[in-house]
Amino acid sequence: MIQNNKDKKILNRLKKLSKEIKKHNNLYHNLDSPIITDAEYDKLIIENNDLETKYPNLILNESPNKSVGSKIKSKFKKIYHLSQMYSLGNAFNENDLLEFLKRTNRFLNQPETSRYKFLCEPKIDGLSLNLLYKNGKLISAGTRGDGTIGENVTENIIMIQDIPKYLKKDFPDLIEIRGEIYINKEDFNKINDDPNQKEKFANPRNAAAGSLRQLDTSISHKRPLKFIAHGVGKSSKSYKTIADYYKDLKKWRIPTNKLSIYSNSINEVVNYYNKINAKRSEIEFDIDGLVIKIDDMYLQNRLGYVGKNPRWAIALKFSAEKAITVVEEIDYQVGRTGAITPVARLKPVNIGGVVVSNVSLHNFDEINKKNINILDSVEIERAGDVIPYVTKLIKKNNNSKKNILPPKYCPTCNSKTIKEKDEAVLRCSNKYGCKSQIIGQIIHFISKKSLNIDGFGEKQVKQFFDYKFINKREDIFNLEKYKKDIINIDGWGEISYSNLIDSINNSKNISLEKFIYSLGIRYIGEINSEILARDFKDLDSLILSIKNKDSLINIDGLGPKAISSLIEYFSNDNNIISIKKIQKILNISNKNIILKNNFFSNKNLVFTGTLSSLSRDEAKYMAKSNGAKILSSVTKNTDFLIIGEKPGSKVKKAKSLAVKIINEEDFISKINQQT
């Protein structure tokens, strides 16, 4: 209710601001004819948000912040990306780039002298975002998350001028536009200099992430967030090159990196890298390297992905940042696989905006090699998002203790330690009874790349383990019976408990490959989990295969150590009992089951001989992408043997078993057939 002249003035100002902002949004996004600068537009937004914060009773129904909504949420909802968001592999020098080029040529079966057109973009140190547009209208915005599922931050980004609510003409029916949310250096300093900002951000990336992931969306709306596009996900429109896609982005007034260039050789890439590295301090936003992408989209599709990384792109990281500090203590951590890792506790030191106080020393051979001990001064190095590590000893301390010796007994359970042949790592021998290993397995089970349970991390697992609420993985699904105990623990309450239970329930839908990974089996990482999920329709089929070692040996890409580890793990009755219990709780689906019907779908293939138009790796990738299984040897279960030049003894074996034999030309023809 309007009570005085001051309220009337404020209300009139809010009405005027709302009208102005609406007008300029229309001029900028729909008419492509802005009449004010970005800075002038930002001033209008900031003034409007400040007035709404001070006078919440005067907020208009037509407030700019109500176009999508600005309520304070209790937590972010999950959002599924239509196509997976991948991460980039890293390169650190010219040799790494040359190896990247060699791998590309090998995969495409091209001569070593082959060259490609590369797009080189300075890598903004921000937060990945996926924008979904349908019929030109912004439908949702989601963080990268685990690549498949992110957080829905649509309401938080609605005031970012770089993100239009509507695309202009010539838009596809559906498109995922991918890019980076960031805050530039000048705005970052203003945020930290603000006396009302209680907690200071360590760097612009943290400021961007902290600003975007505000449950109170009005805070996000006030922050000077920016967006820059660098990729495309699922799209109803196909593009020949990245350059063609960027032309559309420009048409839609979505910014791309103005510092990007095209290069035709690794030498040109390195020269540009050196140039950008030299002028980093002059660039308005933080960058941590150079992203190199093959411009040709057809080649991108052929190259595809390995694990979570595209084969057609790589990030060349800037030189590592270094600092000198003192080792205050060295203690031991026991991981989920029993590995005993010496950890240096350091005098805290800031490296590139990150305070480092602990670093892994990897193993005891590493300690001896670098001659490191307590009280010594050491050099710490950190490159981009790579975990910090000790590079070398700087100065010995005369008062340091004697040499650090490997423990003969596990520091957690006092069991004997063992060192396997050809391994530098020391391990606890108590594989299934060591408290640290059990806790490590549970932490891995609920981690981001596994069940991805929000609000449930290492701290909570250790806390609940100590209270005896959980002592094995399946116990996390029975926490409701400890509600009274949990809500009375310091730091907990009704709301935090309810949020945790909701997160646990939301995690019950999981893909087979993620579930296999979540078990934490030694040598079974993300890539091997994907291989197993492609080869087996469900978990029961995988468990049954353990009885037949030959079925595992014949899986293409699965090494002997991984096979031995699988057999050992699934031969343990307690592991099987635990898995069976979890199976009844979770909905485990196999996203690798190919729904489209290709000629080779669900067929077992073996390759032999030298292929001419394709490399062996690309042929296998094509077959797997169409639902085929790749075997390493010919058996009675083989459906097709694909032969190239000089095929060898597998042909004779195939003929004796009446396995169908086809050549490379037939394979290429049939791989493109849909039945």
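As a basis for the values below, the full set of heavy atoms in this structure was taken, side chains included, without hydrogen atoms, waters or symmetry mates.
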* To do: Quick one: which residue pairs count as a side chain to side chain donor-acceptor pair (under 3.5 Å) with a foot in residues 634-662, not counting sequence neighbours?
  => none
* Asked: Are Asp248 and Lys237 ion-paired here, with the side-chain N under 4.0 Å from a carboxylate O?
  -> yes
* Within the 6.0 Å centroid threshold, strictly below: Phe171 and Tyr166 -> no
* Structure fact -> Residues passing the side chain to side chain contact (heavy atoms under 4.5 Å, CB included) test with Asp96, sequence neighbours excluded, are Ala91, Phe92, Asn93
* Structure fact -> With sequence neighbours left out, the residues meeting side chain to side chain contact (heavy atoms under 4.5 Å, CB included) with Glu99 are Lys102, Arg103, Arg106
* Structure fact -> With sequence neighbours left out, the residues meeting side chain to side chain contact (heavy atoms under 4.5 Å, CB included) with Ile79 are His81, Ser140, Asn152
* **All side chain to side chain contact (heavy atoms under 4.5 Å, CB included) counterparts of Ser238, not counting sequence neighbours** => none
* Asked: With no hydrogens and no angle check, do the side chains of Asp295 and Tyr245 hold a donor and an acceptor under 3.5 Å apart?
  -> no
* Considering the options Leu641, Leu614, Ile630, which one meets the side-chain contact (heavy atoms from CB on, under 4.5 Å) requirement together with Phe607? -> Ile630
* To do: With side-chain hydrogen bond (donor to acceptor under 3.5 Å, both in side chains) as the test, would you mind laying out the steps for Asp244 and Thr241 before giving the verdict?
  => CA-CA 5 Å; Asp244 290 338; Thr241 63; 3.3 Å; yes
* Residues Glu664, Lys670: salt bridge by 4.0 Å N-O rule -> no
* Structure fact -> So side chain to side chain donor-acceptor pair (under 3.5 Å) across residues 552-565, not counting sequence neighbours, yields Asn554-Ser632, Asn554-Ser633, Asp556-Lys620
* **Under-4.0 Å salt bridge between Glu151 and Lys78** => no
* To do: Determine the sole option in Glu180, Arg178, Glu121 for which the side chain to side chain donor-acceptor pair (under 3.5 Å) test with His230 is passed.
  => Glu180
